[in-house]
Amino acid sequence: FPSTQKSFISFIQFHPPTKMPSISTLNSSQFLLKIIFFFSISIFSLVNARSIKSTHHHSIELDESLTYLWPLPAQFTSGNDTLTVDPNLTLDFTGNSGSGGGSVVVEEAFERYKKIIFKHGAKLAKSGEYFDVNRVTVIVHSDNDALQLGIDESYSLLVTKSNERSIIGGVSIEANSVYGALRGLETLSQLCKFDYGVKTVQIHKAPWFIQDKPRFAYRGLLLDTSRHYLPIEIIKQIIESMSYAKLNVLHWHIIDEESFPLEVPSYPNLWKGAYTKWERYTVEDAIEIVDFAKMRGINVMAEVDVPGHAESWGAGYPDLWPSPSCKEPLDVSKNYTFDVISGILADMRKIFPFELFHLGGDEVNTTCWTTTPRVKQWLQDHNMTAKDAYQYFVLKAQEIAISHNWTPVNWEETFNNFPSKLNPQTVVHNWLGGGVCAKAVASGFRCIYSNQGYWYLDHLDVPWEEVYYAEPLQGIKSISEQKLVLGGEVCMWGETADASDVQQTIWPRAAAAAERLWSDKETTSSRNTTSTALQRLEYFRCLLTRRGVPAAPVTNFYARRPPFWPGSCYEQ
């Protein structure tokens with residue numbers, strides 16, 4: 001019985017990821033009502049699956065007036081032509097020097113997208129066979145492939161019919177960086193559709209002219225590999241799928257109180273905190289993930305959450321615990337604690353080139369500091385309250401990060417508790433509720449928006465439209481303050497997600513946030529766009545599944561649930 005109740009609690013999880021409910025939080029009547037609800041849904045799905053099966057035979061017609069590009073480009077025009085695409089499509093790359101020397105980032109992306117576009121094994125061109133599009137010309141105005149926050153991701157995409165007056169050969173992409181060119185290739189891939197009748201890839205509604213750029217510089221997804229270990233291959237699949245929605249930051253919440261899976265050469269016993277010796281990431285694994293992400297225009301921001309959420313550290317170094325019976329927050333009274341943090345960050349700096357580094361700082365329960373005699377004495381000797389010690393710890397960790405040439409990011413509790421003491425470089429990461437970014441930017445700090453009511457993906461009851469209409473700039477009127485909001489991220493906390501269901505939980509709701517972060521607010525914010533946005537999102541969800549991403553139906557009552565009855569992908 002307890003295990004039944006526990007699994008059901010996971011099913012109806014409404015809580016923040018680090019505030020999991022205990023079984024005692026449900027009284028018997030609440031539990032009984034939820035059990036009845038659970039079985040009612042199950043019976044409903046079984047009955048309806050059988051009744052609908054015999055009546056649900058109709059073809060789905062897509063609304064051709066809609067633009068099935070996700071996220072929606074900033075500006076675009078289209079026509080009425082249908083163009084055929086040569087399966088022997090070639091790349092013509094020109095860099096800033098004017099030479100055709102090429103770019104590894106663009107060339108590898110082009111080959112990836114060719115495999116996506118021609119996934120159906122389109123017939124190879126016969127000698128003399130004519131195709132409207134046979135070449136993609138990419139012009140990039142910078143040879144610098146450094147990837148950092150605020151890199152220019154704008155691009156223009158022109159798709160026209162080839163004729164005797166055209167030397168372009170059908171498609172041209174122009175960008176100021178190779179990463180803008182990547183975004184243009186993604187958009188091009190979404191324009192290409194396989195026609196099953198003639199077995200040829202086509203582009204409808206040509207000619208296309210698209211000028212596009214992101215609304216926000218930071219468009220992230222948090223991935224938690226402490227609550228459940230995720231194999232490297234799964235992380236790579238998620239990174240690949242992020243590029244389809246033009247997300248550009250993987251916030252890697254590598255470690256937490258439950259497990260410490262990362263190798264730290266300076267303190268080799270730390271990963272004794274892993275669940276098992278097989279659920280670990282070597283330095284080389286982490287470098288591979290960073291390099292894989294860079295080739296897709298995605299930064300990786302690592303997080304070392306201190307001083308709370310760090311019990312697992314003590315499995316390898318028990319001296320980091322205040323006492324063997326009281327294991328977190330980390331021991332604030334010892335210089336050794338900060339030596340370890342400095343060693344971790346020094347090793348991680350060799351892996352993670354991104355300028356932002358997340359230091360956590362959330363949900364710090366200081367009881368262990370005030371109840372452990374030795375630490376309590378240290379507090380008294382230094383004339384500190386527990387709150388003073390929390391501030392001391394966060395600021396010292398910030399100093400260490402800055403000494404390694406990182407910009408510190410902290411969860412909002414640090415700002416809520418001691419805003420005037422935080423380093424001015426600090427990026428405040430909102431999660432608890434609304435209004436925090438408005439307060440942070442009014443104080444001169446930069447902010448990342450992740451309001452848990454909308455953008456915590458482990459909250460399975462949040463429907464796609466609430467994710468979609470959440471607004472990072474809510475309550476911020478000043479243009480100068482709006483510019484301090486870097487963007488936002490959706491958070492995939494891992495208490496109830498592992499390799500078996502994490503991608504279904506991320507997608508397609510993460511795509512709803514991705515369009516909010518990329519696309520023009522005016523064209524995607526009025527509530528009368530709900531029906532058109534839904535059709536476009538259902539289309540994008542099917543695009544994800546075609547590309548091998550196990551994205552759940554869009555309109556589930558609970559996220560990541562499979563469909564309840566037969567039907568088209570485009571109506572779920």
Using a 4.5 Å cut-off on heavy atoms from C-beta on, say whether the side chain of D145 contacts that of Y179. yes
Between S312 and K272, do the side chains contain an N or O donor and an N or O acceptor separated by less than 3.5 Å? no
D291 atom CG, over 12 foreign heavy atoms within 6.0 Å: yes
Within a reach of under 6.0 Å around NZ of K213, are more than 12 heavy atoms found that belong to other residues, nucleotides or ligands? no
Polar side chain donor-acceptor pair, R215 to S519, under 3.5 angstrom: no
Answer yes if the side chains of D212 and W518 hold a donor-acceptor pair under 3.5 Å, and no otherwise. yes
If the threshold is 4.0 Å, N to carboxylate O, is there a salt bridge linking E153 and K246? no
Less than 6.0 angstrom separating the ring centers of Y449 and W431, yes or no? no
Applying the side chain to side chain donor-acceptor pair (under 3.5 Å) criterion to Q398, which one of T414, N423, N410 satisfies it? N410
So for atom CD, which belongs to Q474, do other residues, nucleotides or ligands contribute more than 12 heavy atoms lying within a distance under 6.0 Å? no
Atom pairs and distances, donor-acceptor, side-chain atoms in residues 298-308, under 3.5 Å, two or more places apart:
{"residue": "E303", "atom": "OE1", "partner": "H251", "partner atom": "NE2", "Å": "2.7"}
{"residue": "E303", "atom": "OE1", "partner": "H253", "partner atom": "ND1", "Å": "2.7"}
{"residue": "E303", "atom": "OE2", "partner": "W411", "partner atom": "NE1", "Å": "2.9"}
{"residue": "D305", "atom": "OD1", "partner": "G361", "partner atom": "N", "Å": "2.9"}

For the residue pair S154 and D152, confirm or rule out a side-chain donor-acceptor distance under 3.5 Å. yes
With F418, which of Y390, Y392, F393 fulfils ring-ring contact (aromatic ring centres under 6.0 Å, His included)? Y390
Looking only at side chains, do T385 and D388 share a donor and an acceptor under 3.5 Å apart? yes
Where does the angle between the aromatic ring planes of W464 and Y469 fall among parallel (under 30°), tilted (30 to 60°) and perpendicular (over 60°)? tilted
Are R227 and W493 side-chain neighbours, meaning at least one heavy-atom pair lies under 4.5 Å? yes
